[in-house]
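Accompanying notes for the structure given below.
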Amino acid sequence: MSGAQAPVALENVSFRYDGRWILEEVTLEIAEREFLGLIGPNGSGKSTLLKLILGLRRPQKGRVLVYGNRPEEARGWIGYVPQHLSFDRSFPVTAMDVVLMGRLGVNRGLRRYGRADRTAAEEVLEQVGVAALGKRAIGTLSGGELQRVFIARALVSKPRLLILDEPTTGVDIDTEKAVYELLKELNQKMTIILVTHELNFVSAYVKRVACLARRLVCHPTDEVPESLYGSLYLTPIKMVRHEHEEGV
């Protein structure tokens, strides 16, 4: 894959399901190391758009490219943190076990995890700030710790593009801020697409906002029209004042 290709390019993409158009004529190009916020009400097509980028769906019209290739050919370049991961917290697996699941598709076939897999898992647990939790059972982790483990699982395949679908749902404000600070750091090395309902909270982090309601319009973060705040959100927006300190 050529590094000169845009991480994501959608050209006049339309997708229909059960006779209804979910997306219409969506055109979007995401630059290398961009941090893009994707916003829109429930049912606006956000999840469908992610599935198209991940190669889990194909559009009826238009074209989707990931680093110049069809999405299903580029999955090894993508890390994904889905929304509302559901699992049995009493299941006897550790944080390390969860992270290693992200290595299943990395040139391994049916082989057991090797030293390279475990080294990669240890490195990303360190990277996201939870290295000490590797041997802990997932049922003993807090919501914030667990979310960092899921981000580590997405990172362990060494992706160039990281996609997160509302990764801070259900966590407190301090944890939420810590997750976004982590994403800000990761953005120095990779492109990030973040689905969120909390534009005011993430406005200090994302560089551009894609507003989706079947059709898509992009705005620089500081130029999102006030009218969208009422029309795009079905849940209350967290109003957070951002403190900018020199040198931070």
Side-chain angles (χ1 to χ4, degrees), residues 1-8 30-35 50-51 53-56 65-83 85-165 167-168 175 178-194:
M1 299 178 190
S2 170
Q5 297 285 354
V8 177
I30 301 175
E32 191 71 49
R33 297 187 186 177
E34 182 171 2
F35 194 158
L50 295 188
K51 289 176 182 178
I53 295 171
L54 291 165
L56 302 176
L65 296 174
V66 178
Y67 292 103
N69 292 258
R70 293 189 304 170
E72 55 267 34
E73 297 171 347
R75 287 177 184 155
W77 296 80
I78 304 174
Y80 177 50
V81 181
Q83 182 185 17
L85 280 166
S86 179
F87 62 95
D88 183 355
R89 289 180 69 99
S90 67
F91 196 72
V93 294
T94 65
M96 173 65 77
D97 294 329
V98 171
V99 175
L100 283 170
M101 292 175 189
R103 297 286 291 182
L104 290 174
V106 183
N107 300 321
R108 50 179 304 101
L110 298 177
R111 293 184 296 108
R112 295 171 62 87
Y113 297 120
R115 182 65 254 171
D117 298 313
R118 295 190 177 278
T119 297
E122 290 167 358
E123 287 175 353
V124 293
L125 283 168
E126 175 75 31
Q127 185 178 10
V128 302
V130 289
L133 303 181
K135 295 182 180 180
R136 288 264 302 273
I138 57 170
T140 67
L141 303 182
S142 69
E145 290 169 340
L146 195 57
Q147 195 59 275
R148 286 175 180 261
V149 169
F150 288 139
I151 293 173
R153 185 182 68 170
L155 294 175
V156 75
S157 61
K158 303 186 184 303
R160 292 174 61 186
L161 169 65
L162 180 63
I163 300 175
L164 306 100
D165 192 354
T168 58
T175 299
V179 169
Y180 288 135
E181 287 292 334
L182 170 61
L183 296 179
K184 180 180 178 181
E185 181 179 340
L186 293 172
N187 183 226
Q188 297 176 26
K189 297 182 179 180
M190 66 185 64
T191 305
I192 297 178
I193 302 173
L194 171 72

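Count residues from 1 along the sequence.
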So, for [X] and [Y], which heavy atoms are closest and what is the spacing to 0.1 Å?
X: A154; Y: V81; result: CB-CG2, 3.7 Å
X: A95; Y: I138; result: N-CG2, 4.0 Å
X: Y113; Y: L104; result: OH-CD2, 3.3 Å
X: S157; Y: G102; result: CB-O, 3.8 Å

Just verifying a value: how many Å separate [X] [atom1] and [Y] [atom2], rounded to the nearest 0.5 Å?
X: N187; Y: E34; atom1: CG; atom2: CD; answer: 9.0 Å
X: L50; Y: L164; atom1: CG; atom2: CG; answer: 9.5 Å
X: R70; Y: L65; atom1: CZ; atom2: CG; answer: 10.5 Å
X: L125; Y: R153; atom1: CG; atom2: CZ; answer: 12.5 Å
X: I30; Y: I192; atom1: CD1; atom2: CD1; answer: 11.5 Å
X: L183; Y: F35; atom1: CG; atom2: CZ; answer: 4.5 Å

### Message
M190 vs L155, test: side-chain contact (heavy atoms from CB on, under 4.5 Å). Steps then yes/no.
### Response
CA-CA 10 Å; M190 66 185 64; L155 294 175; 3.7 Å; yes

Could you tell me if the side chain of [Y] sits less than 4.5 Å from the side chain of [X], heavy atoms only?
X: R103; Y: R118; result: no
X: T191; Y: V8; result: no
X: L186; Y: I151; result: yes
X: Y67; Y: E32; result: yes
X: I53; Y: V66; result: yes
X: R148; Y: L133; result: no
X: Y80; Y: I163; result: yes
X: L100; Y: M96; result: yes

### Task
Check whether any side-chain N or O of E145 sits under 3.5 Å from a backbone N or O of V130 as a donor-acceptor pair, and report yes or no.
no

### Task
Please report the C-alpha distance between T168 and T175 in whole Å, then the side-chain angles of each, then the deciding distance to 0.1 Å, and finally whether the side-chain contact (heavy atoms from CB on, under 4.5 Å) criterion is met.
CA-CA 8 Å; T168 58; T175 299; over 6 Å; no

